[in-house]
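Each ligand, and each atom within it, is numbered from 1 in the order the structure gives.
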Amino acid sequence: MATTQQSQPRNIVIIGGGIIGSTTAYFLSHHENFDKERDNITLIEATEIAGGASGKAGGLLALWAYPRCIVPLSFRLHAELAEKHNGSERWGYRALHCGQIEANGQLNSQTTKPPSSVSLQKRSANATALLRAANVPEDLDWISPESIKAYESMGDPETTAQVHPYQFTTSMASLAEEKGVKIVYGMAKQIRQQDNAVVGVTYTPNSKDSSSDVSLELNADTVILTAGPWTRTIYPNAPIEALRAHSVVITPSRPVSAYALFTAIDLPSSSSKNSKRREIVTPEIYARPNNSVYACGEGDTLVPLPSSTTDVEVDLARCQDIVEQVGSVSRELREGEVVARQACYLPNVSGRGGGPLVGETGVKGLLMGAGHTCWGIQNAPGTGKVLSELVWEGRVRSAQVGSLDPRKFM
Ligand SMILES: Cc1cc2nc3c(=O)[nH]c(=O)nc-3n(C[C@H](O)[C@H](O)[C@H](O)COP(=O)(O)OP(=O)(O)OC[C@H]3O[C@@H](n4cnc5c(N)ncnc54)[C@H](O)[C@@H]3O)c2cc1C
Ligand SMILES: *[C@@H]1O[C@H](CO)[C@@H](O)[C@H](O)[C@H]1NC(C)=O
Ligand SMILES: *[C@@H]1O[C@H](CO)[C@@H](O)[C@H](O)[C@H]1NC(C)=O
Ligand SMILES: *[C@@H]1O[C@H](CO)[C@@H](O)[C@H](O)[C@H]1NC(C)=O
Ligand SMILES: *[C@@H]1O[C@H](CO)[C@@H](O)[C@H](O)[C@H]1NC(C)=O
Ligand SMILES: *[C@@H]1O[C@H](CO)[C@@H](O)[C@H](O)[C@H]1NC(C)=O
């Protein structure tokens, strides 16, 4: 297995410390051809590790995700990483159920207490019948029986799992650091080239006391661009757009069972609470270990991508909409405590093909792992693995990723 012809000292720079860059750093530094006495691997991050979508995503992993060419590898690597590094403790890795629910929501103002004349026994008999009729699993007991119209399973613990994406990403970065990866904080400005081959990266270091625009250089024979939605700011040809999405984290009023739920909730329109208009909203709700529930809403294109993760605008009204939507179908969430209201940008591949773009570009030594849309958490280990093979062995052997070749997209 050992590819011993690798003996030239290598200078590798990864741009972007989201989940893709951090996981790539992990696999590069855990590859048998890496020699930390001889080779340099530097990860350059503009703000903080997992400061963008990688720290604010849901964290669902699924064998039924896409693209097919990388999902099975990545799903398996998630399980292996969790096994090897205590992921269930360290980043909340666990298998879980996933389903789609259809429900009628009730907004706070309309929530009426059950009439006191109805005995609890009767109510629960009725509720059970309703739940059975709607196909709802017995342990999914934190969605109100009165609201649920239908349940359809999308995945079970064999095919569906989850991680806490912030904990996973920062763990990958630390584990890479332990193996010799150097993490540098600064904004990469330019990938320097000579004769159509990379020779280095110019960056502005972050430092609290520097008012000037200092530029520093890192030499490199290999540059891996993993800047997520910011990929275009350094590589304008990449067809990657940015889409903002809001999310919240709620401590429910009591612990809830392990389900990831895609929803379609019929609600009075939030823009006209007094009118009779209704709308269908589709928040995703992910129960997490340690008595926590994550929920996210739909994307919007109202505010263009800011220059860095620290400048992302959070629209609190949109967070409140998510809180009300999920509270409209669950007492545990309605009576819970909202502990985070946040927003981030996911990288969306525009034009034909869904991406992500993984592999070599037209420039020698310039690789890319970007544009993972809504499955970047699921597909990060597979991406890092195939990029590490490309760097250290000159070819990918763990999956067939030709369809993701960046040269096909640009
Ligand atoms: C609401 C929401 C829910 C999601 N849920 C899931 C889910 O359940 N499962 C799933 O698989 N996926 C999910 N995703 C998708 C997932 O979050 C993304 O695909 C993934 O995080 C993208 O990772 P990334 O590393 O490419 O980008 P990012 O996380 O954006 O990381 C890019 C990093 O690059 C840095 N950077 C940018 N420019 C520069 C520069 N010039 N120099 C240095 N550093 C730079 C940034 O600071 C940032 O840290 C979700 C996304 C959203 C928005
Ligand atoms: C690695 O970095 C060190 C310190 O910057 C430098 O002296 C060395 O030449 C680099 N190695 C390679 C292979 O360029
Ligand atoms: C994993 O975590 C458990 C519980 O905290 C601990 O008992 C065990 O020693 C840990 N294992 C490793 C390999 O760190
Ligand atoms: C859950 O809480 C326990 C106890 O506080 C802690 O040890 C563990 O790391 C937490 N797990 C996650 C995934 O946050
Ligand atoms: C169940 O609810 C329906 C509709 O509210 C009601 O008509 C019916 O009597 C209830 N049945 C029981 C057993 O409470
Ligand atoms: C992503 O881009 C594609 C192609 O441009 C577009 O059709 C799609 O609506 C976008 N997705 C989102 C969620 O905006």
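- When only modelled atom types and interatomic distance are considered, Arg341 and Gln320 share a side-chain donor-acceptor pair under 3.5 Å.
- When heavy-atom distances to ligand 1 are checked against a 4.0 Å cut-off, Thr309 comes that close only through its side chain, counted from C-beta outward.
- Near Ala245, the atoms of ligand 1 lying under 4.0 angstrom from a non-hydrogen atom of the residue are 1 (C), 53 (C).
- For Tyr26 and His85, the ring centers are positioned less than 6.0 Å apart.
- Heavy atoms of Ala188 found under 4.0 angstrom from ligand 1 belong to the backbone as well as the side chain.
- Arg90 has its side chain within reach of Ser174: a pair of non-hydrogen atoms, C-beta onward, lies under 4.5 Å apart.
- Between the choices Thr226, Ile14, Leu60, Thr24, the shortest heavy-atom distance to atom 9 (N) of ligand 1 belongs to Leu60.
- At a 4.0 Å heavy-atom cut-off, ligand 1 touches Trp375 through backbone and side chain alike.
- With a heavy-atom cut-off of 4.0 Å, Tyr203 does not touch ligand 1 at all.
- Within 4.0 Å of ligand 2, counting heavy atoms only, the contacting residues are Pro9, Arg10, Asn11, Arg38, Asn40.
- Any N or O atom pair closer than 3.5 Å counts here, and Met187 shares no such pair with ligand 1.
- When heavy-atom distances to ligand 1 are checked against a 4.0 Å cut-off, Ile15 comes that close only through its side chain, counted from C-beta outward.
- Under 4.0 Å from ligand 1, not a single heavy atom of Tyr235 appears.
- For the pair Gly59 and ligand 1, a heavy-atom separation below 4.0 Å is found.
- Contact annotation for Cys344 and ligand 1: only side-chain heavy atoms (C-beta onward) come within less than 4.0 Å of the ligand.
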Side chains of residues 358-371: which donor-acceptor partners sit under 3.5 Å, not counting sequence neighbours?
residue : atom : partner : partner atom : Å
Thr361  : OG1  : Val363  : N            : 3.2
Thr361  : OG1  : Val363  : O            : 3.4
Thr361  : OG1  : Leu366  : O            : 2.8

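- The side chain of Ile234, and not its backbone, has at least one atom closer than 4.0 Å to an atom of ligand 1 (non-hydrogen atoms only; side chain from C-beta on).
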